[in-house]
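A, B, ... follow the sequence lines: proteins, then strands. Residue 1 opens every chain.
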Amino acid sequence: GCFVFKPSPKKRRVTQKAAIDFRERNNDSEDAELRFVTCQSLWNQIKLEKEQIQEDLNKQLFDNLEGFLRRSHSERQEKTTKWTCQMKSSEIPTAALVLGVNVTDHDLTFKSLSEVLQNNITPYIALLEAKDCPGIKNLMQKLMGQLMNCYIDVDSLEDEDYVQVSQNRIRCSMTSLINWYESVTKKPDSETPSKKRTSSSRHWQSPPVVVIFKDMESFTTKVLQDFIVICSQHIRELPLVLIFGIATSPMIIHSLLPHSVSSLLCIELFQSLSCKEHLSTIIDKLLLTAQFPFKLGGKVLQVLINIFLYHDFSVQNFIKGYQLCIVEHFYSQPLSVLCCQLVDAKKRVNSLSHDQCENIRRLPSFRRYVERQVSEKQIALLTADSCLKETTQKLLEDLHVYHENYISVLRCLHVFTSSLPKYPLGKQIRELHCACLEDQVWETEEYESSLQLARMLSKSDLVTMLQQCVEIFVSSSGKEFDKTVEKLKEFLTQFQKLEAEAFQEQDVSVSSQKELQKKTDLYHLQKTLLELKESRRSKKLTKFEMLRFEVVDYIDSLVRNYLVPADHKTLHEIVYFNTASVLREHLNAAPRIALHTALNNPYCYLKNQALKSDGGNISNKAPDICIVYRLHLECGRLINLADWLEAFSTVVMAVEGPNADAASSEQVDDIIHARFIRAVSELELLGFIKPSKQKTDHVARLTWGGC
Amino acid sequence: MPNLEHPAYPAATLLQLESLVPCRESQVSMLLSIFGERQQFSFPSIFIYGHTSSGKTYVMQTLLKTLQLPHIFVNCVEHFTSRLLLEEILIQLQSCSSETAQNSHMSCDTLNDFVRLFKQAVESRELQDQTLYIVLDRAEQLREMEANILPAFLRLQELTDRNVTVVLLSEIVWELFRPNIGCFEPFTLYFPDYSIGHLQKILSQNHPPEYSADFYAAYINILLGVFYMVCRDLKELQHLAALNFSKYCEPVVRGEANERDTRKLWKNIEPHLKKAMQTVYLREISSTQWERLQHDDGEPGQLKGLSAHTHVELPYYSKFLLIAAYLASYNPVRTDKRFFLKHHGKIRKTNFMKKHEKTSNHLLGPKPFPLDRLLAILYSIVDNRVAPTANIFSQITSLVTLQLLSMVGHNDQLDGPRYKCIVSLDFIRAIAR
């Protein structure tokens with residue numbers, strides 16, 4: 001149980017049932033199907049890209065691990081005769097794999113790891129989880145089950161008899177495992193060489209048996225110790241390699257295993273990529289690219305990043321959240337049909353229905369656009385669908401161009417801001433991205449201060465930055481940047497010129513210094529010194545400083561031109577998903593608050609008009625449990641049941657009060673009593689109260705605050 | 001002059017045995033006299049105990065092998081259930097003397113079955129004229145099996161009515177084995193630790209073929225000088241000796257010193273061994289890494305050990321949760337109001353308060369605290385408002401699975417779970433930074 005991600009019902013619905021559900025809420029059915037298809041294909045693209053990125057990221061680690069596995073047993077097989085090898089105690093090669101606290105991501109890593117190993121090293125891999133192995137017996141059972149099954153997977157045709165021997169029948173001891181291993185490894189050269197050729201060419205003669213402990217921390221010490229002791233007895237017959245998946249720090253090995261056991265291991269440390277770097281790459285490659293038409297709004301992105309940084313560090317969850325955004329966008333926004341590649345979008349605009357055109361007209365950003373137009377144009381846009389479609393095509397193109405430019409300029413700005421002291425605009429490009437999406441970035445104080453700082457950069461820094469910017473612009477797909485590149489290159493040449501001039505200037509100053517030394521006359525000396533001082537003061541800005549100002553101003557102008565926040569753009573609603581509240585509801589649920597609202601204000605969920613009366617008084621029409629809950633909020637830590645019942649019956653009887661008999665109010669009705677007891681026990685079940693032993697007839701409150 | 005004497009066995013075998021078990025002559029001769037001659041009934045059960053690597057297993061194994069006594073050797077850790085253990089004994093018994101009629105698989109669930117099958121097996125194998133030895137290594141595991149296993153093994157001779165002796169090997173004393181209901185008392189034999197002289201003698205015995213015995217003995221002497229203080233484990237010492245020997249030989253190989261230049265060799269190896277003590281011995285870096293370092297002549301400094309990676313990166317709220325948990329574990333409840341409330345009353349700075357705080361809470365260890373207190377402290381130490389979302393609660397659970405917090409008492413979830421913070425002050429300091 002760790003950093004749980006609850007799949008939202010909506011997403012599941014989309015993947016399981018088909019596009020029908022997209023239609024459910026919205027009337028325009030023909031687009032719903034198209035939207036569903038678009039959404040699916042977009043997600044598939046993103047998924048492929050994501051997998052590619054993760055494969056690249058993990059490559060280094062997996063290569064290292066592979067090398068380790070190759071080394072671990074090959075050495076032993078080669079030189080068993082040598083003296084040192086005979087004398088050395090045979091340790092179990094062990095890889096301590098530090099993966100970070102994002103436990104949810106580990107599954108994926110292990111999965112791809114075992115795939116890689118299966119392809120390159122050995123078919124014999126067992127993945128063990130702590131929850132399956134409370135005792136050594138379970139562990140051995142699990143281990144043997146996995147290993148022997150994997151053998152069956154490799155070539156299932158032979159060994160029918162082996163399959164028939166069920167898991168329990170096999171004696172789960174190390175000896176039977178060794179027998180199995182011998183029979184498996186001997187086979188290729190004796191029986192069917194042709195069939196096994198493929199696998200034996202990839203794996204060598206006796207491939208190691210890899211046992212992966214997914215979550216080292218959760219294993220009990222006893223189980224691990226016993227297993228290691230057993231393994232070390234048979235390491236010569238069975239080439240075992242252990243891999244410990246560690247979430248915290250490798251110190252855990254020492255705290256779990258005593259020295260007598262850890263001395264049986266030959267531990268090497270492997271560190272996986274930090275999850276923050278992983279996220280940066282994912283954001284860089286998936287979000288900051290014009291490749292995918294779908295975009296995240298500033299608030300939404302902020303929510304996703306916050307969940308990552310504040311709660312779980314899980315890239316997997318981040319991507320799931322991203323997926324949720326996509327699904328939600330295509331589900332809730334009818335115009336998301338147009339959220340596809342530009343060419344397709346233009347075609348689709350032509351075939352838009354009238355309703356969809358009305359949808360476009362209803363978009364706030366489009367209305368703003370219309371208001372800016374001349375009146376004839378306004379009428380045309382609002383009445384003629386054809387005119388609207390034409391304009392929409394143009395606007396979509398604008399939006400596309402805006403994206404391409406935006407990304408290049410953002411990267412360029414990031415080059416500048418990421419090297420400033422104290423990082424006023426953030427160190428990571430994602431922070432900058434959020435800031436730019438949020439608002440007009442040039443109006444913020446941080447931007448102002450970072451410009452100030454940029455005006456104080458040294459020349460060498462400035463030159464390298466400009467070079468980086470040139471590279472970014474050259475490699476970008478935007479067409480408008482030819483001029484920018486030229487301009488930046490011009491700056492660079494000017495800097496070079498300056499350098500040359502600076503040499504000369506130095507000469508001049510040196511000569512004046514020399515003159516100064518020549519003149520020994522006190523009067524002249526004073527005079528020249530004064531002159532020098534004067535000249536320094538007057539020449540406030542050197543040429544370099546002037547140029548520096550120019551560069552910074554130029555960058556500033558680029559920013560103002562291209563980094564306009566997306567929601568200022570017309571038709572941004574089509575490609576941007578901006579409803580952060582939905583996302584927050586789904587991904588960052590607050591059970592306590594939900595429970596409190598449900599009990600405190602039942603109208604919120606039941607939508608019954610009779611319950612609508614807000615304020616302090618308790619409606620007697622509310623469900624009993626709500627009344628009891630409201631009453632218990634007013635009590636202290638210990639609640640007297642008799643008083644509580646009294647209050648409850650008063651509330652319930654409130655309406656009946658006028659026409660009720662005096663006699664019935666004296667004695668609490670049996671039915672009311674029963675209702676009260678049921679409500680109280682429901683509260684107990686929900687964990688709000690528990691029976692107390694301190695005082696008779698009292699219950700203890702388990703929550704505090706409340707209201 | 002042979003120390004071991006026994007009329008039943010040829011002197012040559014005894015001599016060979018003696019050379020194989022150095023420094024354990026007295027124990028071996030004791031065992032021999034208990035065993036008696038091959039056909040004689042021996043003591044029903046023998047309990048041998050002694051520290052790690054004091055040669056219990058090795059001596060038993062070599063003794064039984066060199067004298068070619070029929071025996072069965074079983075490790076109780078490996079055969080962790082009584083069924084596995086009993087079956088293993090029977091299987092070994094089958095293959096012990098003759099290869100005929102390998103019964104494919106026999107199931108033996110209870111001791112009763114075992115005794116029956118055992119009798120059959122012994123009868124058919126014609127072992128009656130010799131004592132059969134069953135050696136149970138790591139016998140302390142027997143205590144965790146069914147209650148009848150240990151007493152039954154102690155009386156196996158009586159139960160089966162066959163010539164059998166059970167030898168138990170363990171690292172703990174017999175007193176910790178003795179069941180409440182009483183049992184047959186085995187003959188106990190203690191294997192004392194090897195002294196430094198013994199270690200020297202045993203280690204020098206296996207010298208590499210390329211070098212003389214004296215040269216190697218000198219090396220062992222130096223090695224023991226460094227490691228004897230921390231490690232008396234023979235296996236470990238042998239391992240370390242093998243690891244570092246190539247470094248010791250280096251000056252000789254390069255021709256800078258000859259084999260007699262003890263001082264020079266000592267100067268070369270001593271700092272190296274000290275480094276090894278801090279790294280390889282503690283398994284901070286693995287022995288293969290150490291060998292590679294030696295080979296490349298690199299400094300061990302460049303390779304960080306396991307404990308160098310203590311830093312754990314945690315999500316923002318997890319950090320605060322952990323800090324809050326630490327505060328809740330080590331601060332008494334009555335100070336909460338003073339520390340975490342904005343408008344607390346001024347506390348009188350009396351000596352009374354100070355006196356209490358002097359007995360550091362760190363010495364007393366963490367105290368359990370309820371979930372609500374943890375959350376209350378969390379809310380007061382985090383600057384902005386924290387919504388009690390499901391994510392926060394799941395983080396607490398994941399901190400428990402990461403072994404940073406521990407749950408106290410596994411009672412009902414509704415009953416307000418209690419936790420303990422089980423990380424050190426240094427860890428918290430590193431996180432709080």
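With a 4.5 angstrom heavy-atom cutoff, B/T81 touches chain A only via side-chain atoms. For chain A, no part of B/D233 is nearby; none of its heavy atoms comes within less than 4.5 Å. Neither the backbone nor the side chain of A/I246 has a heavy atom closer than 4.5 Å to any heavy atom of chain B. A/L309 touches chain B through its backbone: at least one of N, CA, C or O sits under 4.5 Å from a heavy atom, while the side chain does not. Of the atoms belonging to A/Q225, not a single heavy atom falls under 4.5 Å from chain B. Heavy-atom distances place no part of B/F320 under 4.5 Å from chain A, backbone and side chain included.
Taking 4.0 Å as the cut-off between side-chain N and carboxylate O, B/E78 and B/R138 do not count as a salt-bridged pair. Under the 4.0 Å criterion applied to side-chain N and carboxylate O atoms, B/K319 and B/E313 are not assigned as salt-bridge partners. Salt bridge annotation for B/D372-A/R637: absent, with no cationic side-chain nitrogen under 4.0 angstrom from a carboxylate oxygen.
Between A/F227 and A/F213, the ring planes lie perpendicular to each other; the angle is over 60°, past the 30° to 60° tilted range. Using the six-membered ring where Trp is involved, B/F369 and B/Y419 have ring planes that are tilted, between 30° and 60° apart.
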